[in-house]
Colleague: 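My questions all concern the structure below.
Predicted, not measured: the structure shown is a model, and the values here were computed from it. A, B, ... follow the sequence lines: proteins, then strands. Residue 1 opens every chain.
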Amino acid sequence: MLRPFSFHEPTSLAEAVTLHATLENAAYYAGGTELLLIMKEGLVRYDHLINLKSIEALRGIEVRENNGRAGQRRLRIGALTRHAELTEDATVARHIPALADLARRIGNIRVRNAGTIGGNLAFGEPRSDLAAFLLALGAEIEAVGLEGSRKIPAGEFWLGPLETALLPDEVVQAVELPLDPSERCGYAKIAVREFPTAGVAMSLTLVDGAERVGALRLAVTAVHAVPTRLPQVEHWASGQEVAQLLNFGPDEWAEVAAGDLHPVDDIYGSKDYKLHLVGVLIARLLRSLVTDAAEA
Amino acid sequence: MEIHCRVNGHAVAFQVEPYELMANVLRNRFGLKGLKVACERQICGACTVLLDGEPVSACCTLALEMRGRDVETIEGVGNARTLHDLQTAFIEEAGLQCGYCTPGMVLTSLALLRKKPHPELADITEWLHGNICRCASYAGIVAAIQRAARAAAKEGSDGSYA
Amino acid sequence: MARTLDTVIGRVVGQGLPRPDDQQRVSGAFVFATDYEVPGMLEGAVARSAYAHAWIRSIDTAAALRVPGVVCVLLPEDLADLDPYYGPVYRDQPILAMGRALFEGEPVAAVAAETRAAALEAVRLIEVDYEPLPALVSLDEALDEGAPDIHTSLRRGKHYSGVLARVDPLPAKNVAAEWRYERGDAFAELERADLVVSGEYRVPMIHHFPLEPMVAIADFRNDGLTVWSGTQTPFEIRDELSLIFGMPAAKIRIVALPMGGSFGAKAFPKIEPLAAALSRKAQRPVRVALSMEETARSIRRAGARVRIRSGVRSDGTLLARCVDVDVQIGAYADAGPRVMQKAAYVAAGPYRIPHLSIRSRAVFTNTPPVGAYRGFGAPEMTWAYEQHTDEIAARLGIDPIAFRRRNLLRRGERYAEGDKPIDTDFAEVLDRLWALSGGQQPRRRLRGKGVAVSFKPSQSPTESTAIVRLHADGSASVLCATADMGQGTRAALGQIAAAELGIPVDAIAVHVPDTDIAPFDQTTTSSRSTVVMGGAVQEAARRVRHEFLRRVADHAGIDQRLLSIQDGLVTGPQFQQSVAQALLETAPRFGSEILAIGHVHIASSSSRIGGATPFWEPAWVVAEVEVDPDTGEVRVLGLWTAIDAGYAINPRQVAAQDLGSTLQGLGTALYEEMVYDHGLLRTPSLLEYRVPLISDLPSTFQSMTVACGDGPGPFGAKGIGEGGVMAVAAALGNAVADAVGVRIRDLPLSAEQVWRAMRGVMDRQGDESDHASTKRLGEAEGG
């Protein structure tokens with residue numbers, strides 16, 4: 001049961017943002033998978049929903065060539081893109097197949113058919129798979145508000161559970177993932193319940209004839225109140241010999257990650273176990289990315 | 001607001017309030033009670049309907065999302081007198097006990113078979129991951145989908161579900 | 001093993017026919033309790049306690065009453081002229097909390113409104129002033145000397161008054177009931193045994209999560225009360241409402257609508273008394289439809305702590321066993337004490353143990369009431385005694401199958417004095433199932449196999465009545481109160497009637513249970529209906545057939561013994577007529593319709609639980625697993641299960657039921673647990689509570705039906721339907737122990753728990769070791 005609200009259907013971003021500023025107690029609406037759930041539960045109440053689905057500027061998946069920033073091609077994904085579209089889009093499959101794999105394991109088929117990438121981000125879900133992935137890839141989130149458009153680095157986007165850097169009037173317009181042909185990336189999670197117990201995303205480059213790790217970025221989800229990068233692990237692993245890192249088991253990785261992580265006990269597991277799973281996932285991802293690289 | 005759409009192949013026009021949920025409108029206004037409400041969290045799939053052929057949770061979707069869309073409920077798949085082959089397969093393979101999940105199971109399976117007429121077990125698992133059968137008739141459900149796929153293939157028409 | 005039946009019977013029973021309503025179920029046309037409506041009905045909603053234990057200082061309904069469409073708010077003072085308590089064991093559960101709420105989610109007030117939205121909005125606006133009290137959740141908290149009393153007195157309820165007559169209410173603080181069984185001198189024999197093995201095993205609280213939440217409609221007007229409810233126990237609810245409202249049972253009508261799953265959750269009064277009280281106040285029909293979360297806060301399965309000590313001879317013969325069972329029931333008794341008693345009764349397992357001592361308690365806690373759940377205590381006990389069985393075998397260095405073979409009860413032996421002798425072949429079926437599963441496999445790291453054997457008594461004493469009407473056109477109605485929760489019994493009852501009457505199955509209608517129309521039936525529980533109600537239907541149908549043939553014989557001048565009926569045709573020497581034609585021709589002399597009653601009543605006995613079971617329901621499961629060494633995740637590779645149907649009236653439905661039961665039980669083994677934090681449920685919905693999904697389907701999954709025609713039901717049938725769920729968790733536990741070399745004694749076998757168990761071994765060993773050495777370490781833990 002939803003309590004009454006009125007429904008607004010702007011056709012441009014400017015119109016949407018203005019509406020949001022004008023209306024009392026309004027929320028943006030796209031896929032509705034998260035929003036309607038908490039509204040049904042009575043956890044939040046809005047008098048106005050502003051439907052973003054008629055705004056063309058929020059659609060599309062495309063590769064954008066470097067736009068002032070040297071050599072940086074980007075995969076730009078419009079905020080209205082649904083998870084199901086990520087799993088089937090040819091551009092995504094060609095450039096970042098790991099993103100399609102990730103999307104295929106989000107929720108269930110109905111959630112993937114309804115939920116949008118922009119909604120997932122704007123909601124600030126602390127167990128978001130996508131969040132870890134965007135953090136590890138150094139993605140940017142493009143937001144539009146009354147003050148115009150800005151790009152928020154993924155690392156500055158998630159502030160707390162259900163809390164993001166978006167200003168009240170801001171809409172996620174798109175996410176941009178840098179495309180670096182030398183970079184490998186992946187996401188892995190352990191999920192027993194609907195939300196994962198732990199999820200880890202990794203991107204890395206190999207140097208010295210693929211014998212050494214160049215740059216490594218790691219992010220975890222579901223372990224903390226907010227999706228988090230693992231700077232200590234990244235720093236420690238960068239520059240190391242691949243062969244040596246492959247010898248590292250889950251326990252060693254967990255030990256290193258302990259500096260970055262402070263999980264809490266909950267129904268998903270104890271803090272020890274979650275930390276251990278992060279170690280397991282790092283070890284697994286590293287192996288699979290290195291193997292992929294070798295095959296490539 | 002005024003909604004124009006197709007429900008089970010029939011063009012319809014009706015008024016809804018923006019805060020009405022699709023599940024309530026289809027069950028109470030259209031009398032399509034084959035649509036079941038259970039978890040209300042998008043986990044269980046009992047309320048599955050197909051919107052332009054794609055499974056969605058009617059319990060968590062605004063009724064106004066039906067605008068201009070093709071809406072399919074279990075009542076449009078086949079009725080008790082003339083069952084769809086897939087429904088017959090569910091009976092033949094004992095893919096149900098209480099049957100409360102069955103409308104959602106059949107609709108999701110139907111959407112799968114239209115997209116992938118010869119689904120692998122992994123496809124079935126991926127598509128039906130979010131459809132819960134608390135009687136746990138999963139063995140029969142998998143067998144029913146495979147049986148329906150085989151039957152369609154035998155008729156030489158991969159498009160029989162399209 | 002299957003008995004050969006004559007062809008007449010084989011045409012109708014013994015066939016894997018679709019159920020008559022399957023077409024409705026797969027096409028969405030089937031009317032579940034949720035889909036039923038009564039003209040002019042209001043919608044009810046329930047305000048629930050936010051605390052596990054609290055005084056209710058005041059309830060402010062002013063804002064709620066102002067919501068447009070609200071008709072009334074039901075408060076405790078509206079119940080002042082009633083005796084508003086119910087329960088099958090003790091009448092301790094009030095319709096609304098009477099001054100003190102005893103569990104989170106207990107109803108404190110209720111609203112009736114024109115729409116569901118208005119009712120829910122009004123509930124949000126009801127303001128309750130609570131004074132929180134300490135919440136007792138664990139057994140130890142509730143049994144602590146300084147703990148507050150959850151109840152200070154208890155009145156016996158009606159339903160179980162006979163079988164629990166010798167069980168005293170409230171023998172100690174927060175103890176709802178105690179039960180003991182002694183034979184021989186178990187404590188002395190333990191001293192004499194070559195080896196004593198002991199262990200403590202736990203099962204958590206779990207919820208049924210039927211996909212269809214609870215729903216009931218009550219119409220309390222015109223000097224009568226009608227309730228339409230998805231329930232397994234229409235007559236029991238009628239009798240409880242009669243006590244609450246002080247009305248004759250004859251003026252109360254319960255219609256038991258088909259359920260979208262129940263598994264025990266919808267047995268005994270649940271929301272029916274509240275719906276009736278709300279309708280009484282509103283003077284309109286009222287529907288109370290709960291959400292799945294509300295259902296999860298209304299009823300659950302017991303948690304339990306089971307301590308077992310066993311004495312064995314070095315040759316592997318069991319000598320003595322002492323079992324201590326503490327059953328964690330909820331804030332109100334519901335069926336909890338009977339679950340405790342029946343669970344404790346079988347706590348020693350299906351083994352020959354001359355000296356036995358069982359002591360058990362049902363302990364109140366500030367959690368939802370414990371009711372029936374598929375297996376009724378047997379799965380909880382089987383978890384404990386079958387882990388224990390493997391531990392003993394390992395300590396003795398005997399193969400677990402061989403150890404069981406030696407000690408399992410044989411057909412004809414008695415489990416306990418006064419009960420039915422064992423009517424199945426535990427050891428033989430175990431051997432066959434083990435062979436079916438491929439037997440002993442070459443040892444592979446992190447892979448293991450395990451077995452478990454379980455059994456439970458059905459209900460006793462037990463009673464069912466049925467009416468069969470043969471109509472003038474040759475079709476027949478079966479009037480009986482067996483409820484439909486998807487288990488297919490109504491289809492089986494139709495097949496039984498068809499076989500006896502000699503008319504096609506599709507000429508039979510088995511009507512929806514209605515206490516105004518159908519004669520008395522105890523309950524649809526305990527896998528009893530095919531046997532007991534089946535027997536009543538069979539008897540009624542035989543009487544109808546006999547009377548029909550008598551009329552035909554008399555009319556046609558043929559010896560009745562030479563007449564037979566098959567496929568709707570009555571045949572004799574130079575005589576053949578359709579049943580309809582024969583009825584038409586005999587009507588002027590004898591009348592049009594033929595009606596008969598069948599009645600089965602198996603009386604109470606000297607058995608320790610009040611009656612001798614009409615049959616034992618056994619279950620055997622073999623499980624094969626692979627454990628992920630990094631995460632502790634258990635992958636179930638194969639499940640093989642066996643049940644004893646006596647005779648499978650519908651083999652397809654029998655197998656389907658058992659496969660479902662087994663896979664449902666897999667959830668209890670690996671995932672399911674109601675987690676509480678200071679008495680507040682942290683796993684109220686399917687978002688947090690994991691049930692089996694399609695991905696849990698093992699790659700090998702087989703159910704074997706034993707059918708020797710040796711049951712007390714029609715055609716030699718026994719009851720089935722609980723089956724696999726009783727033994728699957730225990731088999732998986734043994735398989736995991738076999739795979740990782742460590743015994744886990746608490747359910748669920750969550751990935752984290754398995755990881756921790758493996759970790760314990762590795763920490764002590766310094767590193768991964770070969771299986772043999774971890775195995776020894778695992779065995780050492782058994783002592």
Colleague: So which of B/C135, B/C101, B/P103, B/G78 has the biggest tally of heavy-atom pairs under 4.5 Å with chain C?
Modeller: B/C135
Colleague: Do you know which of B/I91, B/V77, B/T102, B/N131 has the most heavy-atom pairs with chain C at a distance under 4.5 angstrom?
Modeller: B/I91
Colleague: Keeping B/R134 on the side-chain end and C/F263 on the backbone end, is there a donor-acceptor pair under 3.5 Å?
Modeller: no
Colleague: Nearest 0.5 Å, what's the CD1-CZ distance between B/I43 and C/R690?
Modeller: 11.0 Å
Colleague: Check whether B/L128 gets within reach of chain C through its side chain, its backbone, both or neither, counting any heavy atom under 4.5 Å.
Modeller: both
Colleague: Only pairs of heavy atoms separated by less than 4.5 Å count here; which of B/E92, B/M105, B/R81, B/E93 has the most with chain C?
Modeller: B/E92
Colleague: Using a 4.5 angstrom heavy-atom cutoff, name the option from C/M259, C/R116, C/Q657 with the most pairs to chain B.
Modeller: C/Q657
Colleague: Using 4.0 Å as the upper bound for N to carboxylate O, is an ion pair formed by C/R124 and C/E121?
Modeller: yes
Colleague: Please check if the side chain of C/D696 supplies one atom and the backbone of C/L693 the other of a donor-acceptor pair under 3.5 Å.
Modeller: yes
Colleague: For this output row, return yes or no: ring centroids of B/Y138 and C/F701 closer than 6.0 angstrom.
Modeller: no
Colleague: Between C/R19 and C/D484, does any side-chain N to carboxylate O distance fall below 4.0 Å?
Modeller: no
Colleague: Heavy-atom distances under 4.5 Å only: say whether B/E126 touches chain C with side chain, backbone, both or neither.
Modeller: neither
Colleague: If the threshold is 4.0 Å, N to carboxylate O, is there a salt bridge linking C/R374 and C/E722?
Modeller: no
Colleague: Please flag which part of B/K36 lies under 4.5 Å from any non-hydrogen atom of chain C: side chain, backbone, both or neither.
Modeller: side chain
Colleague: At a 4.5 Å cut-off on heavy atoms, which part of B/Q87 comes close to chain C: side chain, backbone, both, or neither?
Modeller: both
Colleague: Please state whether the side chain, the backbone, both or neither of C/T34 comes within less than 4.5 Å of a heavy atom of chain B.
Modeller: both
Colleague: So which of B/G34, B/G99, B/A80 has the largest heavy-atom pair count under 4.5 angstrom toward chain C?
Modeller: B/A80
Colleague: If you count heavy-atom pairs within less than 4.5 Å of chain B, which of C/L663, C/V31, C/L211 leads?
Modeller: C/L211
Colleague: Among the options C/R652, C/E293, C/M485, pick out the one with the most heavy-atom pairs lying under 4.5 Å from chain B.
Modeller: C/R652
Colleague: Examine whether an atom of C/P213 lies under 4.5 Å from a heavy atom of chain B, and if so say whether it belongs to the side chain, the backbone or both; otherwise answer neither.
Modeller: side chain
Colleague: Do any pairs count as a salt bridge (Lys or Arg N to Asp or Glu O under 4.0 Å) and have a residue in residues 4-27 of chain B, sequence neighbours left out, and if so which ones?
Modeller: B/E20-B/R29, B/R27-C/D35
Colleague: What pairs with B/R150 under salt bridge (charged side-chain N to carboxylate O under 4.0 Å, His left out), at least two apart in sequence or on another chain?
Modeller: none
Colleague: Side chain, backbone, both or neither: which part of B/I132 has a non-hydrogen atom closer than 4.5 Å to chain C?
Modeller: both
